[in-house]
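Every number for a ligand or one of its atoms is a count from 1 in the order of the listing.
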Amino acid sequence: MPMTTLEATARALVAPGKGILAADESRGTIGKRFAAVGVASTDETRRQYRQMLFTTPGIAEFISGVILFDETIRQRADEGAPLVEVLARQGIIPGIKVDAGAKALAGAPGETVTEGLDGLRERLAEYRELGARFAKWRAVIALPEGRLPSRLCIEANAHALARYAALCQEAGIVPIVEPEVLMDGDHTIERCYEASEATLHAVFHALFEHGVRPEGMLLKPNMVLSGAACPHQAGVREVAEATVRCMRRTVPAAVPGIAFLSGGQRDELATAHLNEMNRLPGPRPWELGFSYARALQGAPMAIWRGDPVRIGEAQRAFLHRSRCNAAARRGEYTPELERSVA
Ligand code: 13P
């Protein structure tokens with residue numbers, strides 16, 4: 001695959017004013033989210049729910065790409081077309097989650113390493129055939145009991161991310177490299193900064209060692225935040241400054257974009273943080289965007305609750321969150337915009 005194609009796809013995914021919808025929850029994760037709103041998780045309810053998101057009128061104005069789960073990339077819309085085609089028809093780029101989840105890391109209590117490299121070359125070839133043009137692999141970095149992550153955990157995950165990313169580029173698929181430092185715990189924002197900086201240094205070192213070209217990839221990191229249970233919660237400006245400082249010190253300028261995950265932040269706060277980052281004085285060599293699951297889907301899922309009658313209202317809520325985050329990409333998110341549900 002020529003590098004120009006990978007680079008063009010990566011750039012399209014972080015096109016100004018647009019972002020990525022992560023709709024790649026595994027069966028276990030979506031099951032928990034459905035249970036919280038009283039919906040049974042079946043192949044059919046998952047299909048209906050995701051179809052509702054993908055057919056939201058006007059969504060392509062704000063959403064550049066969607067990350068799918070293996071089940072969804074094989075499903076069809078009511079009208080018969082594959083869901084992948086429903087996205088592609090609107091100019092939305094289909095992507096695929098290819099990791100097999102985080103598993104306990106031997107020798108590192110409380111920490112995990114992400115699995116899924118076995119057979120990945122063959123799976124990527126099939127996914128490309130099915131229409132995927134980008135992929136995602138999530139590494140999970142915890143601060144067990146407030147301690148910084150171990151070197152072993154960081155190195156093992158960086159190595160796996162680099163092997164995954166190299167295989168993606170070989171297959172003509174843009175890798176989204178996602179090292180997530182969890183916000184679970186009572187650690188301070190300074191601890192989160194230290195863990196994030198150390199992780200990103202190791203990740204980009206591994207990517208270099210494995211010959212991954214930065215122009216043809218995207219980074220999907222956590223924002224630098226106070227732990228969810230930390231008694232002192234850093235403010236929006238502090239989070240924005242710490243996050244951008246961390247990125248400047250670790251992410252090569254050749255990477256086209258950084259698409260943040262939301263990580264369990266309240267949806268409006270995730271938007272406010274992104275907005276503030278885009279308002280900080282430059283220079284900023286990369287696009288700063290979003291690739292949210294919960295912060296885009298929380299509101300529509302709570303409205304939908306499995307009832308076809310509420311699809312229109314749920315779609316409007318999804319469009320609204322997408323519009324707010326698109327505005328945050330330009331630093332133009334305001335309380336007035338937040339209140340203006342179309
Ligand atoms: P959240 O935005 O809910 O953190 O999910 C993003 C994601 O894709 C996690 O892998």
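Shortest contact from atom 4 (O) of ligand 1 to any protein heavy atom: Gly263 N, 2.6 Å.
Shown are Pro149, Pro221, Cys246, Pro179; of these, the side chain to side chain contact (heavy atoms under 4.5 Å, CB included) with Ser196 is made only by Cys246.
Ring planes of His159 and His210: perpendicular class, angle over 60° (limits at 30 and 60°). The aromatic rings of Trp304 and Tyr49 sit tilted relative to each other, their planes meeting at an angle between 30° and 60°.
Ion pairing of Arg248 with Glu241 is absent here, as no side-chain N (NZ or NE/NH1/NH2) approaches a carboxylate O to less than 4.0 Å.
Geometrically, Arg27 does not engage Phe69 in a cation-pi contact defined by less than 6.0 Å to the ring centre and at most 45° from the axis.
Contacts between Ser262 and ligand 1 below 4.0 angstrom, taking non-hydrogen atoms only, involve backbone and side chain alike. At a heavy-atom cutoff of 4.0 Å, ligand 1 is contacted by the side chain of Lys220 but not by its backbone. Residue-level proximity to ligand 1 for Arg294 is carried by backbone and side chain together, each with a heavy atom below 4.0 angstrom.
The residue among Lys97, Glu178, Glu180 with a heavy atom at the shortest distance from atom 9 (C) of ligand 1 is Glu178.
At least one N/O-N/O distance between Lys136 and ligand 1 falls below 3.5 Å. Inclusion of Ala293 in the set of residues having an N or O under 3.5 Å from an N or O of ligand 1 is warranted.
Taking a cut-off of under 4.0 Å to the non-hydrogen atoms of Ala22, the atoms of ligand 1 that pass are 8 (O).
For the residue pair Leu218 and Val14, the shortest heavy atom distance occurs at CD2-CG1, 3.8 Å.
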